Amino acid sequence: MSKTELSKSYEPKDIEEKWARIWTESGVNTPELDSKKPSFSMVIPPPNITGALHIGHALNVTLQDVLARYKRMKGFNVLWLPGIDHAGIATQNVIEKQIAEEGLDRHKVGRDEFVKRVWRWKEESGGIIINQFKRLGASCDWTRLRFTMDEGLSRAVREVFVRLYSEGLIYRGDYIINWCPRCHTALSDLEVQTEEKEGSLWYIEYPLVNPMPKIKSLTVATTRPETMLGDAAVAVNPADGRYKGVIGKTLRLPLTDRQIPVIADDSVSLEFGTGAVKITPAHDFNDFEMGSRHNLPAIKIMDVNARMNEETGEFAGMDRFAARKKIVAELEAAGFLNKIEKHKLMLGSCYRCSTVVEPTLSKQWFVKTAPLAAPAIKAVEDGVIRFVPKGWENTYFDWMRNIRDWCISRQIWWGHRIPAWHCADCGGITVSTKDPPKCEKCACANIERDPDVLDTWFSSALWPFSTLGWPDETEELKIFYPTSALSTSFDIIFFWVARMIMMGLKFMDAPPFKDVYIHALVRDAQGQKMSKSKGNVIDPLLMFEQYGTDAFRFTLAILAAQGRDIKLSDERIAGNRNFCNKIWNLTRFILMNVEGMSGGSVDESGLNTADKWILTRRSICVLEVSEAVESYGFDEAARSLYRFVWHELCDWYVELVKLDLRGDNGPERKTAAQGVIVAVFKDTLKLLHPFMPFITDELYTYLPGLQKTVTLMATEFPKADEMYFYETTEMEKNVIQPVYRNVLRSKHDKEAADMELVMDVIRSVRNIRTEMNVALGAAVELVCIAPDAAVRDTLKRNEGYIKLLAKAASLIVREPGGSPLPKSAAFGRASEGGRGVEVYVPLEGCIDLDVETSRLSKELDKARLESDSVEKRLSSEAFSAKAPPDVVEKERERLIGLREKIAKLTASIERLKGMKG
RNA sequence: AGGCGCGUAGCUCAGGGGUAGAGCGCUACCUUGACACGGUAGAGGUCGGCGGUUCGAAACCGCCCGUGCCUACCA
């Protein structure tokens, strides 16, 4: 490979499609069933078949992909199973719209034909999102793509339904449910979105049939006057003095000829409204409960479209909101309306179509959740399942401990049809995994299948085991269940996570996963939730185009701090596009400098301080990335990589060894530096690969002397080399107090610290050069004074590097004292603490005395401030008595260093004054 | 009404009992043979407020203020 093959800047478009295809086709994503490796498995949260890739998917898939690639490289047999869910209501809505364009509705089309049309649509345009996941780089095992309506999964659904029914955990009955008058189906509590709305409180007078001396009527307050036509009672609190004696009396319901009782119930608030509340059991959740307690009749007053029904007489056929207006008007005309107040209320609407839901009494199927919830709560309490971040466990517990039965029937056609048959003769219900020929109660053949289908989440709840072949006892289940981790968004903890846990424990006797990682919510740059209606959505696909998929993925990862929302902006992604470009050009640089190189191994004997430093930094980065990914600290891992690649490898090591690589310092240095840079860079690409799979796989192919592999995913993740790194023992932590904490755990901490010292000297000279306006091309003379012989030795050994990066023509290293310095020398100091080096840059003729004086004075002020505070601390007896000895010692050294610095600065300022006059 | 989270540089955010950090932006200088999607050097912060614990608090605890979200049957 020659350097000319790499363009001057990174063009993501050129390579991404190719790699997405290679990963999918190479088979590396498909695990082995006879592997000796430990397994790691995840199921993808199945996106809706109607869906398109949005930023939330992008984040979640990216993080899972990081885990999957990382685990593969760590030697795990990884299964990451992808899939789609059939999204009952949403999909049905799509097809209904299509049909409506043809001037038809689903009833005209008929059930069978309708379902056929859904399948046809699914084959043609459903599941676009899967290709978008591939475009994102998702390394799922695409050979195992599952769909909730697949035959296998449908079998699992039926099996579960039958078993739950036979155990009495599924029942059918008349209960109040949330009804969507547009979708024509029941919704579970979770599928209703509540929002605060501005409404009114109408005060309506209900006259007593037999007026009492003091009380002629009761006034009720209601937000829904139209439901009065279905009222079954008026309730007051038995403790309410205002209504003593009225309890048990009868009221005349205005606008009707019905009579309703006044009942007493503790749940009625004394403060709200008038203290008297109308009870409509068929159209309100509370009223339904109360109706059951008091055996009140439940009168339905609306049809499936939420239009008033025949029960309502003259209002029949009117929409509920139109009826409200008319009823209010008539009440007013008849003198029953006392007053209207403005009132804020929580209004529920359908999560799919935003139509205001109508609580309605209806015959539905329910799952009895309490018995399933108990073990599911315990699993999390016992730590069998772990939420990350842990805080979400409380959310889970709150919900689970107050869980209500789950309405699972939906009056739509697209979904898993309930496997229950009703007998026309005896009314019995037959529930079976196989279509029954006759009623199991009366043995007649006059049976008809229940028309309802199941809530989509019912099938999603089985996802972790139904996708692995359950109810068959498959190898996949043995190897990959329970799955290792589930990554998802907090807003489906109830919808999905909790239900998977209940079902997994029930049918597999084991939790569906060990870790639940709850990722952040992505918002726009202003912190607003992204939504189509706000128009503030960031389209991931557009970002791929603009900045490259890797840059986008890396941005999501580095922002994915636990427990905080992500505010995503273009600038941030652009910054990481630049990072990709940096990596690209680093590769170009390396390729230009390793031509003709053989091998690519690191020869221990030829390593110098710079080499050992970067090898040490490499090992620390390996450890940081590994630790972070293992604990879902994607942001920490990404930050560590960014720092290492840009600020350590590029900013320092590459600059240090430029002359070495050019051969200016002899063939040994050239070979050594080549070996090190290639070895380090090779590992860098591997470390980056889970985050930036495209660019890393592409660049890896250009490196010399490497074993060819299809993808880095199939290579081994770098290890923190024992040669350069070890864990610090407790004893060492207490004894060794290196100046630089970041090399604390290095075996070469002496040499790594040496490098940091050299870097400090270079920074110090650069600072002097800039502050004193020394032209960039002008080489300076440099004098370093250090009391410590070892420090002097370090500086001498690295003379070449100092001269190179500080742009110095000469370097004199010497002890304090001796011949006087040139009067015009600018002063700097490298490395505070015990190893302090005085740096002098003689600037004959070009030093501006005033500028230098003010520069030094500023530094002097800072040093004095600091030394004062340290001195104060040290002089406190409590401090030296109670603070740990190493802290005290450190502070002492710091003070010595600061005092020296002050002395040198003062001397330098004096010297300048002397020169001036 | 309850619960959870957040408040650190102009902006977006890490960190976390012992010297205040990054990215972007800003200022100055630099097209030097990887990279201007770049380099070097800077400026910029009493870590929301008040108390408490501590030798020491930005960090731990309590209260308050601001802010965001989730849950809830006051009709």
Side-chain angles (χ1 to χ4, degrees), chain A residues 3 6 8-10 194 201 220-224 227 235 267-280 284-290 343 345-346 359 389 391-392 394-395 398-399 402 490-491 493-494 521 523 525 527 529 547 551 555 558-559 561 563-569 571-572 574-593 635-636 639 642-643 646-647 650-651 654-655 658 662 763 766-771 773-777 805 807 832-833 866 869-870 873 876-884 886-888 890-891 894 898:
Chain A
K3 64 190 172 193
L6 282 188
K8 197 173 169 185
S9 63
Y10 174 47
T194 51
L201 201 55
V220 299
T222 179
T223 54
R224 300 199 57 200
T227 62
S267 69
V268 180
S269 162
L270 293 150
E271 284 81 38
F272 191 87
T274 60
V277 58
K278 62 191 263 326
I279 305 300
T280 322
D284 183 281
F285 280 85
N286 285 324
D287 294 3
F288 177 78
E289 302 278 320
M290 206 182 292
H343 180 67
L345 73 160
M346 299 300 283
W392 291 108
N394 285 329
T395 305
D398 283 351
W399 157 258
N402 300 301
F490 75 90
D491 51 8
I493 290 177
F494 308 144
L521 181 73
R523 299 167 176 281
K529 213 167 169 174
Y547 302 109
T555 305
I558 207 164
L559 290 174
R564 186 193 275 269
D565 290 345
I566 294 175
K567 284 182 199 159
L568 190 65
S569 65
E571 292 79 40
R572 198 74 202 229
N576 288 317
R577 185 264 325 265
N578 297 353
F579 182 44
C580 292
N581 189 54
K582 190 78 180 174
I583 296 165
W584 186 266
N585 277 288
L586 172 60
T587 314
R588 289 182 74 224
F589 171 79
I590 291 171
L591 293 179
M592 287 174 189
N593 285 283
D635 59 322
E636 292 170 60
R639 259 199 314 280
Y642 192 98
R643 194 202 56 235
W646 202 314
H647 299 306
C650 290
D651 286 354
V654 163
E655 296 302 328
K658 268 182 176 168
R662 213 163 65 185
R763 283 192 202 103
R766 282 171 169 173
N767 174 278
I768 291 169
R769 293 182 62 110
T770 309
E771 298 276 326
N773 282 316
V774 178
L776 210 74
L805 297 188
K807 283 247 154 87
E832 265 136 52
E866 227 180 303
S869 99
V870 176
R873 186 172 309 158
S876 143
E877 262 182 50
F879 176 72
S880 32
K882 296 194 181 175
D886 60 315
V887 172
V888 178
K890 217 160 125 192
E891 291 294 301
R894 206 174 134 211
L898 282 165

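Every chain is numbered from 1, with letters handed out A, B, ... down the list of sequences. Given the structure is predicted, the values throughout are model-derived calculations rather than measurements.
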So what does [X] hit on the nucleic acid, given a heavy-atom distance under 4.0 Å: a base, only sugar-phosphate, or nothing?
X        : value
A/Ala561 : sugar-phosphate
A/Val870 : nothing
A/Ser269 : base
A/Val268 : base

Are the side chain of [X] and the backbone of [Y] linked by a donor-acceptor contact shorter than 3.5 Å?
X        : Y        : result
A/Arg588 : A/Ile583 : no
A/Asp635 : A/Ile558 : no
A/Asn585 : A/Lys8   : yes
A/Arg769 : A/Lys807 : yes

Using atom [atom1] in both nucleotides, what's the gap between [N] and [M] to the nearest angstrom?
N      : M      : atom1 : result
B/rU54 : B/rA22 : P     : 34 Å
B/rG48 : B/rG10 : P     : 13 Å
B/rC74 : B/rC6  : C1'   : 31 Å
B/rG49 : B/rG42 : C1'   : 33 Å
B/rA1  : B/rA57 : P     : 36 Å
B/rC35 : B/rC30 : C1'   : 15 Å
B/rC55 : B/rG25 : P     : 46 Å
B/rG16 : B/rG7  : P     : 13 Å

**Message:** For A/Tyr642 and A/Phe579, take the angle between the two ring planes, folded into 0 to 90°, and tell me which bin it lands in: parallel under 30, tilted 30 to 60, perpendicular over 60.
**Reply:** tilted
**Prompt:** Does A/His343 make a side-chain N or O approach to OP1 or OP2 of B/rC74 shorter than 4.0 Å?
**Reply:**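 Indeed not, no polar side-chain atom of A/His343 lies that close.
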**Asked** OP1, OP2 of B/rU32 versus side-chain N and O of A/Lys807: anything below 4.0 Å?
**Response**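 No, outside the criterion.
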Nearest to side-chain heavy atoms of [X], which nucleotide of [options]:
X        : options                : answer
A/Asn286 : B/rG23, B/rA34, B/rC73 : B/rC73
A/Asp398 : B/rG3, B/rC55, B/rA75  : B/rG3
A/Lys882 : B/rC55, B/rA14, B/rA22 : B/rC55
A/Met592 : B/rA22, B/rC13, B/rA34 : B/rA34
A/Met346 : B/rA72, B/rA34, B/rG23 : B/rA72
A/Asn767 : B/rU19, B/rA75, B/rG42 : B/rG42

**Request:** Find the runs of at least 3 consecutive base pairs, i with j, i+1 with j-1 and so on, that include RNA chain B, using Watson-Crick or G-U wobble geometry with both distances under 3.5 Å.
**Result:**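 In RNA chain B, stems of three or more pairs: B:1-7 with B:65-71, B:10-13 with B:21-24, B:26-30 with B:38-42, B:48-52 with B:60-64.
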Please report the distance, rounded to the nearest Å, between [atom1] in [X] and [atom2] in [N].
X        : N      : atom1 : atom2 : value
A/Lys567 : B/rA14 : NZ    : C1'   : 14 Å
A/Phe490 : B/rG3  : CZ    : P     : 19 Å
A/Asn576 : B/rA22 : CG    : C1'   : 12 Å
A/Lys8   : B/rA34 : NZ    : C1'   : 9 Å
A/Asn402 : B/rA1  : CG    : P     : 20 Å
A/Asp886 : B/rU19 : CG    : P     : 12 Å
A/Ile566 : B/rG23 : CD1   : C1'   : 15 Å
A/Arg639 : B/rG15 : CZ    : P     : 6 Å

**ring pair (Phe, Tyr, Trp, His ring centres under 6.0 Å) partners for A/Tyr10, two or more places apart** = A/Trp584
**Complete:** Residue set satisfying ring pair (Phe, Tyr, Trp, His ring centres under 6.0 Å) with A/Phe285, at least two apart, ordered chain then number -> none
**Asked** Which is it for A/Glu636 and A/Arg639 under the salt bridge (Lys or Arg N to Asp or Glu O under 4.0 Å) test, yes or no, and what are the steps along the way?
**Response** CA-CA 5 Å; A/Glu636 292 170 60; A/Arg639 259 199 314 280; 5.7 Å; no
**Prompt:** What pairs with A/Glu655 under salt bridge (Lys or Arg N to Asp or Glu O under 4.0 Å), at least two apart in sequence or on another chain?
**Reply:** A/Lys658
**Request:** With rounding to the nearest 0.5 Å, note down the distance linking CG in A/Leu591 to CG in A/Leu586.
**Result:** 9.5 Å
**Message:** Quick one, A/Ile279 with A/Val277, criterion side-chain contact (heavy atoms from CB on, under 4.5 Å). Give me CA distance, side-chain angles, the key distance, then yes/no.
**Reply:** CA-CA 6 Å; A/Ile279 305 300; A/Val277 58; 4.1 Å; yes
**Asked** Starting at the 5' end of RNA chain B and moving along, which residue's nearest nucleotide shows up first, A/Phe589 or A/Leu559?
**Response** A/Leu559
**Request:** Report yes or no: do A/Asn581 and A/Ser9 form a side-chain donor-acceptor pair below 3.5 Å?
**Result:** no
**Prompt:** Among side-chain atoms of A/Thr280 and A/Lys278, is any donor-acceptor pair under 3.5 angstrom?
**Reply:** yes
**Request:** Start with the C-alpha distance between A/Thr227 and A/Asp284, add both sets of side-chain angles, then the distance that settles side-chain contact (heavy atoms from CB on, under 4.5 Å), and finish with yes or no.
**Result:** CA-CA 9 Å; A/Thr227 62; A/Asp284 183 281; over 6 Å; no
Short heteroatom pairs, N/O only, protein and nucleotides 5-8 of chain B, under 3.5 Å:
residue	atom	partner	partner atom	Å
B/rC6	O3'	A/Arg564	NH2	3.0
B/rG7	OP1	A/Arg564	NH2	3.1

Expected rows: protein N/O vs nucleotides 37-40 of chain B N/O, under 3.5 Å:
residue	atom	partner	partner atom	Å
B/rC37	O4'	A/Asn578	OD1	2.9
B/rC37	O2'	A/Asn581	ND2	2.9
B/rC37	O2	A/Arg577	NE	3.3
B/rG38	OP1	A/Asn578	ND2	3.1
B/rG38	O3'	A/Lys582	NZ	3.0
B/rG39	OP1	A/Lys582	NZ	3.0
B/rG39	OP1	A/Trp646	NE1	2.5

